[in-house]
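In this text, all values refer to a predicted model and were calculated from it rather than measured experimentally. Sequence lines set the chain letters: A, B, ... in the order given, protein chains first and strands last, and positions in each chain run from 1.
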Number of protein chains: 2
Amino acid sequence: MTGITLADVAKYAGVSTATVSMVLCNKGRISQSTRERVLKALDESGYVYNQTAANLRNRSSNQVGLLLHDITNPFYGEMTAGLSHEMERHELMLFLANSEESAERQQKFVDSLMRNNVGGMVLCAARETPQSFFDSLKRRNIPAIMVVRPLSDPGFDFVGTDNFLGTQMATEHLLKMGHRRIAFIGGSQNSGSRAQRIGGFTSKLLEYGITPNPAWIVTSQASQSDGARVAESLLTDNPEITAAICYQDIVALGVMQCLRKLNREPGRDFALVGFDDITEAALVQPALTTVSVAAKEIGRKAGELLYSRMQGNDEPAKRIILPPALVVRESCGFR
Amino acid sequence: MTGITLADVAKYAGVSTATVSMVLCNKGRISQSTRERVLKALDESGYVYNQTAANLRNRSSNQVGLLLHDITNPFYGEMTAGLSHEMERHELMLFLANSEESAERQQKFVDSLMRNNVGGMVLCAARETPQSFFDSLKRRNIPAIMVVRPLSDPGFDFVGTDNFLGTQMATEHLLKMGHRRIAFIGGSQNSGSRAQRIGGFTSKLLEYGITPNPAWIVTSQASQSDGARVAESLLTDNPEITAAICYQDIVALGVMQCLRKLNREPGRDFALVGFDDITEAALVQPALTTVSVAAKEIGRKAGELLYSRMQGNDEPAKRIILPPALVVRESCGFR
DNA sequence: CTGAAAGCGCTTACAG
DNA sequence: CTGAAAGCGCTTACAG
């Protein structure tokens, strides 16, 4: 706080505050000579614009919020980078909060955003978010874009990936390599993304005349260790399984570990596909074949949409579903 | 924007705005009955506090900024989570920006922060930051905590890890396992952290009577592929090297790839230590022995320090150096 | 214990 | 083309 206000600058330049303000915002018609005098005063005074005052006066805001449930997840790091970049382009400031899957902390953050009068927000809601959260969000009538986690509520804009198509591609890849006994490993029971991914998986199986076996579709937490745990019991009980689609790359990494423990080499004795294309996927041995969902692009698109909403775009709620891509690496072998 | 103001609530409750404000902030003495009336009005009206107005009036702010150069780096994701958690405890809103190593974007962000009148900031500055950036920051006289990347300027608070000690521990580990021909791979030429890590490395070598070989100390970009590239030429030219300390885990992962290409199995034919302890480190095969720097803790401590500065703590600038820990896994073998 | 009024630093009709 | 003045929604001395 230098403490120099627009009024000080005006006095110094010998004009009114209105004039300085207009020069600052490039509004109204100001004579060349006056403009120069003001610019000079602005420069020499070390004036710092007070956005807070402007926001109050304008009843507007240059601020938006991003709510994530896990910023440490590399996937969301990428997405955040994409969003942040987009926000910067529009001179918007980005508030970040990490709910850590707590509905309570999430609610608190959104309340803070409202008090801080943000212009909009991007949300990847916690798993156990009560419907009331979304209802109250809608009542506030402030632009909110949902990302990544599909929402059954069609009242919100959404940007995410085509989970269904993603696993269809992955499943087809395995089927074309000759696999017929394919498992689906991971995701939590109440996950909407998971339902969609299972949909892509089973529909493709059926297309090839294969009846999905419910016993081969198992849940897992989003960690390597739980992936390994779950896979171990599945594959010991059902050694005839030759391939698996995993709900997430992290889970796939766990399954890899488990395979080695069971003396089955991934990529040779067992084919594995992941989902997300996190950095690790390219690094493990064998490198993981996976469905890439362009996290950065999700962030960018969400930012774009949010900005347009803030500009007054009032088309009905929109769902932007980005096409996934199958990244073939080594974990399915080279047959 | 429901548009309901404190004045509306006051009218509704039949009191003055001063009274409502005092109830809201728990200041002054308000009779029980009045308080209840106000609380009821507050509740029924759906009033949303306008933090912007309060900030303007108070010439204060509940907002702080975090500037990173790469939010997609898992290390910074962890750090951000730690900081975010700490900020939440103090009811502070966190602005995030990603400079992507651009001094220009970094400057723009800090300028925005100033205009938005933040109470303080946490910075991990871009590599090529001009001294003028830091000078102007100091002139602003706003709390700023530097993190991770060591700064020669002692005028700033700093929170980071003990790079020197970290590589000392790593080097000692290798030496105790019998290695004598050890390389140092990675980091960029002008990195201060790297200088410190090399210091720990060479000082420990000397302690064991070994003269450091400058030809075995090579730079690399912060990517797996460049790590692999750099290691390949180093190890083909100097096959007698049996171990390496890597500047970062990502580089170490690249070195692993290269080793396989050269038909040397990491953990058996070659010992490898990383630095950072990113998630991947535990996942690769063999799991990477590395120096853990508690990224989350850096974020937390930075937040704590920032908060105390915002409360008026005016002790001289402080450096908080967190102790690293050597996490022994498999990449150095089990001899 | 409570209210009237000034003021935080901007912007914007409205005059001239 | 430029200025005087009101007002955004709070908080805080100051009276009473």
Side-chain angles (χ1 to χ4, degrees), chain A residues 1-42 45-63 91 93 112 114-119, chain B residues 1-42 45-63 91 93 112 114-119:
Chain A
M1 308 278 332
T2 46
I4 294 173
T5 73
L6 191 144
D8 297 330
V9 176
K11 200 178 297 169
Y12 183 68
V15 296
S16 75
T17 59
T19 305
V20 178
S21 176
M22 288 166 112
V23 170
L24 232 30
C25 304
N26 264 311
K27 281 183 188 163
R29 347 218 101 265
I30 307 285
S31 74
Q32 187 58 24
S33 68
T34 307
R35 174 184 304 278
E36 270 162 21
R37 202 141 38 88
V38 171
L39 251 20
K40 186 156 162 288
L42 243 16
S45 62
Y47 169 70
V48 176
Y49 184 73
N50 187 326
Q51 187 71 251
T52 305
N55 284 346
L56 174 59
R57 166 63 222 233
N58 293 334
R59 299 143 142 278
S60 76
S61 161
N62 65 325
Q63 298 166 179
E91 314 250 275
M93 301 290 287
S112 294
M114 299 308 303
R115 280 196 298 274
N116 282 274
N117 189 28
V118 294
Chain B
M1 308 277 335
T2 45
I4 294 173
T5 72
L6 191 144
D8 297 331
V9 176
K11 199 177 297 169
Y12 183 68
V15 296
S16 74
T17 60
T19 303
V20 178
S21 175
M22 287 164 113
V23 169
L24 232 30
C25 305
N26 263 312
K27 280 182 188 164
R29 349 217 101 266
I30 306 284
S31 73
Q32 187 59 24
S33 69
T34 306
R35 173 184 305 277
E36 270 161 21
R37 203 142 36 88
V38 171
L39 252 18
K40 185 155 163 290
L42 244 16
S45 62
Y47 169 71
V48 175
Y49 184 73
N50 186 326
Q51 187 70 250
T52 305
N55 284 345
L56 175 59
R57 166 63 222 232
N58 293 333
R59 297 142 143 279
S60 75
S61 160
N62 66 326
Q63 300 167 176
E91 314 250 275
M93 301 291 286
S112 296
M114 298 309 302
R115 281 196 297 274
N116 282 274
N117 189 30
V118 294

Whether each nucleotide of nucleotides 10-15 of chain C has a protein heavy atom under 4.0 Å at its base (B), only at its sugar-phosphate (S) or at neither (-) is summarised, 5' to 3', as BBB---
Do [X] and [Y] touch side chain to side chain, with heavy atoms closer than 4.5 Å?
X        : Y        : result
Ser21(B) : Leu6(B)  : yes
Asn58(A) : Gln51(A) : no
Val9(A)  : Ile4(A)  : yes

Give the intermediate values and the outcome of side-chain contact (heavy atoms from CB on, under 4.5 Å) for residues Tyr47(B) and Leu24(B). CA-CA 11 Å; Tyr47(B) 169 71; Leu24(B) 232 30; 3.8 Å; yes
Pick the closest DNA chain C nucleotide for Val15(B) and for Leu56(B) by heavy atoms, then say which residue is nearer the 5' end.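 Its nearest nucleotide being more 5', the pick is Val15(B).
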Separation of atom [atom1] in [X] from atom [atom2] in [N], rounded to whole Å:
X         : N      : atom1 : atom2 : value
Asn117(B) : dG9(C) : CG    : C1'   : 11 Å
Asp8(A)   : dC8(C) : CG    : C1'   : 13 Å
Asn55(B)  : dC8(C) : CG    : C1'   : 11 Å

Please name the pair of heavy atoms, one in Met93(B) and one in Ser112(A), separated by the smallest distance, quoted to 0.1 Å. SD-CB, 3.5 Å
At under 4.0 Å between heavy atoms, what does Ile30(B) touch on the DNA or RNA strands: base, sugar-phosphate, or nothing?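 Sugar-phosphate contact only - Ile30(B) comes under 4.0 Å of backbone atoms but never of a base.
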Set of residues satisfying salt bridge (charged side-chain N to carboxylate O under 4.0 Å, His left out) with respect to Lys27(B), sequence neighbours excluded: none
Under a 3.5 Å cut-off for both contacts, is dA4(D) paired Watson-Crick or G-U wobble with anything, and if yes, with which nucleotide?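 Pairing partner, where one exists within any strand: none, as none qualifies.
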What is the pairing partner of dA13(D), taking Watson-Crick or G-U wobble pairs with both distances under 3.5 Å in any strand? none
Quick check on contacts: within residues 31-41 of chain A, what sits under 4.0 Å from DNA chain D by heavy-atom distance? Ser31(A), Thr34(A)
When Asn116(A), Asn62(A), Asn50(A) are each screened for side chain to side chain donor-acceptor pair (under 3.5 Å) with Asn55(A), the one that passes is Asn62(A)
Do the side chain of Ser61(B) and the main chain of Asn117(B) share a donor and acceptor less than 3.5 angstrom apart?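 Yes, Ser61(B) side chain to Asn117(B) backbone: donor-acceptor pair under 3.5 Å.
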